[in-house]
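Presented below is the structure to which this report refers.
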Amino acid sequence: MANAIPKRSENYSEWYNELVYKAGLAENSDVRGCMVIRPYGYAIWERMQRILDDKFKETGHVNAYFPLFIPKSFLSKEAEHVEGFAKECAVVTHYRLKTNPEGKGLIVDPDAKLEEELVIRPTSETIIWNTYRNWIQSYRDLPLLINQWANVVRWELRTRMFLRTAEFLWQEGHTAHASAEEAVAETHQMLDVYADFAQNVLAIPVIKGIKTPNERFAGANDTYCIEAMMQDGKALQAGTSHFLGQNFAKAFEVKFANKNNQLEYVWATSWGVSTRLIGALIMAHSDDDGLKLPPVLAPIQVVLVPIYKTEDEKNAVINELKILNSQLIKAGIRTKLDDDDTKRSGWKFAEWEMKGVPIRLAMGPRDLANAHIEVVRRDTKTKDSISINDQFSEIIQNLLVEIQENIFHQAKLLRETRSYKVDTFETFKNILEGDNPGFIYAHWDGTTETELKIKEETGATIRCIPLDNPKEDGVCVYSGKPSTQRVVFAKAY
RNA sequence: CGAGGUGUAGCGCAGUUGGUAGCGUACCACGUUCGGGACGUGGGGGCCGGAGGUUCGAGUCCUCUCACCUCGACCA
């Protein structure tokens with residue numbers, strides 16, 4: 001096993017980093033905090049983009065593109081927003097370089113200073129709402145339902161591949177509405193889109209919830225989120241949907257004439273998911289042999305590997321695999337026939353396992369003689385030999401469905417066994433410091449003060465207040481004050 | 001930004017009291033192999049992170065820098 005990765009149990013971080021590299025997803029670049037997304041990693045992102053984009057279009061949104069640069073003054077117009085993002089902005093101050101008159105290399109030309117500095121967007125609310133002012137005059141212009149696929153930059157102090165990089169790819173939806181009710185409905189709709197996507201495509205169970213004021217997006221009235229559990233029991237925020245109220249409309253003077261010809265401020269939402277989802281995918285499903293991709297998402301669902309010695313065997317096996325491959329393609333399955341003659345079959349097995357391809361089909365001369373083919377599932381590692389007949393592609397299709405369900409089931413099982421109802425602070429701390437940390441459902445008195453104290457003492461934060469939360473009288477696990485419901489605590493990425 | 005650590009071949013690492021750089025893997029060629037990351041023989045590849053300094057001589061000692069990693073705090 002020359003190319004094995006470290007075990008999860010020994011070093012979770014190292015396992016994660018090595019997997020990202022060995023599976024061909026991404027690598028560190030020479031630019032601080034920025035990664036190169038390699039072709040296989042990008043293929044996964046493209047699958048995410050396509051599926052989400054279709055869903056956005058189905059729900060009435062259109063795509064547009066706004067500038068990468070935001071004038072510094074725009075950012076300061078919404079007070080909370082600027083406070084949230086100011087300390088992690090990359091700023092463009094000059095527009096020209098020149099050769100160094102005192103030596104080698106280039107220097108920034110001091111004569112080329114910008115009148116107003118430009119911020120590289122950490123998110124696009126400000127530039128978009130500045131534009132919406134010109135687009136919205138009447139209730140007839142509403143709702144305005146726009147999404148943007150873009151890169152953004154947040155100068156994070158500590159970065160991790162996919163989970164937190166200085167530059168990352170995402171989509172950001174920015175919608176404008178005539179009423180608060182309609183904007184809130186949009187916020188919920190998009191949260192549902194994300195939750196569906198996480199569960200049915202990524203096979204990651206999520207909790208839909210609302211953030212506490214302390215964890216809210218800078219400039220939002222309410223932040224909704226989906227929270228997922230990773231295999232180490234930590235939480236990962238996988239998507240957010242914000243109800244922005246009239247905050248940005250007021251900051252950028254975006255008003256519309258209603259049916260009674262009265263001027264009103266517009267109501268707003270914004271929502272996004274990022275390349276962080278790739279990190280979620282890795283940490284939710286993968287094992288010590290590499291990635292495990294859910295079939296619905298996988299860029300390659302089935303890989304076909306020929307086994308042979310002689311030239312004759314090679315031709316015969318590959319010919320048969322080509323026939324099977326075209327049957328699978330006809331059935332709508334994404335396949336790869338790995339006929340690379342420079343790699344041995346054993347090497348290919350390990351490689352495609354590392355890359356998480358859900359099903360591997362292997363055929364050698366013996367299989368060919370018996371009209372059989374070896375089927376190996378990535379999720380369970382089980383091997384089967386099936387006969388090649390009319391039902392072949394149907395069997396594979398069904399197996400893909402089964403694998404999708406099983407991967408989801410496994411992730412859900414983990415979350416269930418690592419979710420705890422807790423009533424004392426002692427137990428609370430013990431669980432987080434024990435061998436199986438996870439989600440803690442505990443009563444909370446509703447104050448930011450208590451929330452911060454708990455964070456300080458345990459490292460856990462309130463991930464969300466679940467939307468379908470049952471009401472239940474109790475007392476705060478920390479302060480002992482009365483509470484009406486449990487909230488979800490966990491350590492988070 | 002705090003606390004630790006690491007920078008030597010694409011990747012992972014060794015390099016003794018200072019004497020001019022090596023191992024594994026990957027890569028190239030040939031041969032034998034081929035049903036779970038093959039083996040043998042031969043070969044190519046290094047401004048030892050960067051800049052100063054000490055010294056006849058620095059991967060090694062000193063100073064300053066830069067970058068990255070792990071763990072915190074901040075965040076998607």
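Numbered from 1 within each chain, the chains take letters A, B, ... in sequence-line order.
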Exercise. So, does the side chain of K383(A) form a donor-acceptor pair with the base of rG36(B) at under 3.5 Å?
Worked result: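 Flag set: donor-acceptor pair detected.
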For this session: Over all heavy atoms of both residues, which pair between D53(A) and N63(A) is shortest? Give the atoms and the distance, please.
Result: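 Closest approach of D53(A) to N63(A), heavy atoms only: OD1-ND2, 2.9 Å.
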Problem set entry | Considering all heavy atoms, the nearest Q231(A)-R418(A) contact |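 Heavy atoms only, the tightest pair is O-NH2, 3.7 Å.
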Exercise. Can you check rC47(B) for me, syn or anti if syn means within 90° of 0?
Worked result: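 Syn conformation for rC47(B).
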Between [options], which nucleotide has the shortest distance from any of its atoms to the side chain of [X]?
| X | options | value |
| --- | --- | --- |
| V376(A) | rU33(B), rG36(B), rC74(B) | rG36(B) |
| R344(A) | rG35(B), rC74(B), rG10(B) | rG35(B) |
| N28(A) | rC75(B), rG37(B), rC68(B) | rC68(B) |
| E156(A) | rC75(B), rG37(B), rC34(B) | rC75(B) |
| W347(A) | rG37(B), rC74(B), rG35(B) | rG37(B) |
| R360(A) | rG35(B), rC69(B), rG36(B) | rG36(B) |
| E351(A) | rG37(B), rG36(B), rC75(B) | rG37(B) |

Parallel, tilted or perpendicular, judged at 30° and 60°: which one describes the rings of [X] and [Y]?
| X | Y | value |
| --- | --- | --- |
| F243(A) | W267(A) | parallel |
| F425(A) | F428(A) | tilted |
| W271(A) | Y194(A) | perpendicular |
| W15(A) | Y12(A) | tilted |

Exercise. In a check of side chain to side chain donor-acceptor pair (under 3.5 Å) between N147(A) and each of H61(A), H174(A), Q171(A), E172(A), which one passes?
Worked result: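 Passing option: Q171(A).
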For this session: Let me know which of K348(A), K292(A), R378(A), R360(A) forms a side chain to side chain donor-acceptor pair (under 3.5 Å) with E353(A).
Result: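 Among K348(A), K292(A), R378(A), R360(A), the one that satisfies the side chain to side chain donor-acceptor pair (under 3.5 Å) with E353(A) is R360(A).
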Side-chain N or O of [X] closer than 4.0 Å to phosphate OP1/OP2 of [N]:
| X | N | value |
| --- | --- | --- |
| R154(A) | rC75(B) | no |
| R158(A) | rA73(B) | no |
| K348(A) | rG35(B) | no |
| S13(A) | rC69(B) | no |

Could you check whether [X] gets within reach of a base, just the sugar-phosphate, or nothing at all, counting any heavy atom under 4.0 Å?
| X | answer |
| --- | --- |
| F168(A) | base |
| K314(A) | nothing |
| N17(A) | sugar-phosphate |
| T342(A) | nothing |
| G279(A) | nothing |
| L163(A) | base |

Complementary nucleotide for [N] - Watson-Crick or wobble, under 3.5 Å:
| N | value |
| --- | --- |
| rC61(B) | rG53(B) |
| rA26(B) | none |
| rG2(B) | rC71(B) |
| rG7(B) | rC66(B) |
| rG45(B) | none |
| rC34(B) | none |

Distance, [atom1] atom - from [M] to [N], rounded to whole angstrom:
| N | M | atom1 | result |
| --- | --- | --- | --- |
| rA9(B) | rG49(B) | C1' | 15 Å |
| rU25(B) | rU55(B) | P | 44 Å |
| rU20(B) | rG4(B) | P | 36 Å |
| rC61(B) | rC75(B) | C1' | 42 Å |
| rA38(B) | rG50(B) | C1' | 42 Å |
| rU60(B) | rC39(B) | C1' | 38 Å |
| rG44(B) | rG35(B) | C1' | 34 Å |
| rC48(B) | rA21(B) | P | 11 Å |

In whole Å, what is the span from the [atom1] atom of [X] to the [atom2] atom of [N]?
| X | N | atom1 | atom2 | value |
| --- | --- | --- | --- | --- |
| I307(A) | rA38(B) | CD1 | C1' | 15 Å |
| Y308(A) | rU33(B) | OH | P | 16 Å |
| H372(A) | rG35(B) | NE2 | C1' | 15 Å |
| K491(A) | rG72(B) | NZ | P | 7 Å |
| Y12(A) | rC71(B) | OH | P | 12 Å |
| E456(A) | rG72(B) | CD | P | 16 Å |
| K381(A) | rG37(B) | NZ | P | 13 Å |
| R216(A) | rC75(B) | CZ | P | 14 Å |

Problem set entry | salt bridge (Lys or Arg N to Asp or Glu O under 4.0 Å) partner of K453(A), chosen from E449(A), E451(A), E457(A) |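 Among E449(A), E451(A), E457(A), the one meeting salt bridge (Lys or Arg N to Asp or Glu O under 4.0 Å) with K453(A) is E449(A).
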Exercise. Does A166(A) or L368(A) map to a spot on RNA chain B nearer the 5' end, using the closest nucleotide for each?
Worked result: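 The residue mapped nearer the 5' terminus is L368(A).
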Exercise. Where each residue is assigned the nucleotide of RNA chain B containing its nearest heavy atom, which of A238(A) and G346(A) is assigned the position nearer the 5′ end?
Worked result: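 Residue closer to the 5' terminus by nearest nucleotide: G346(A).
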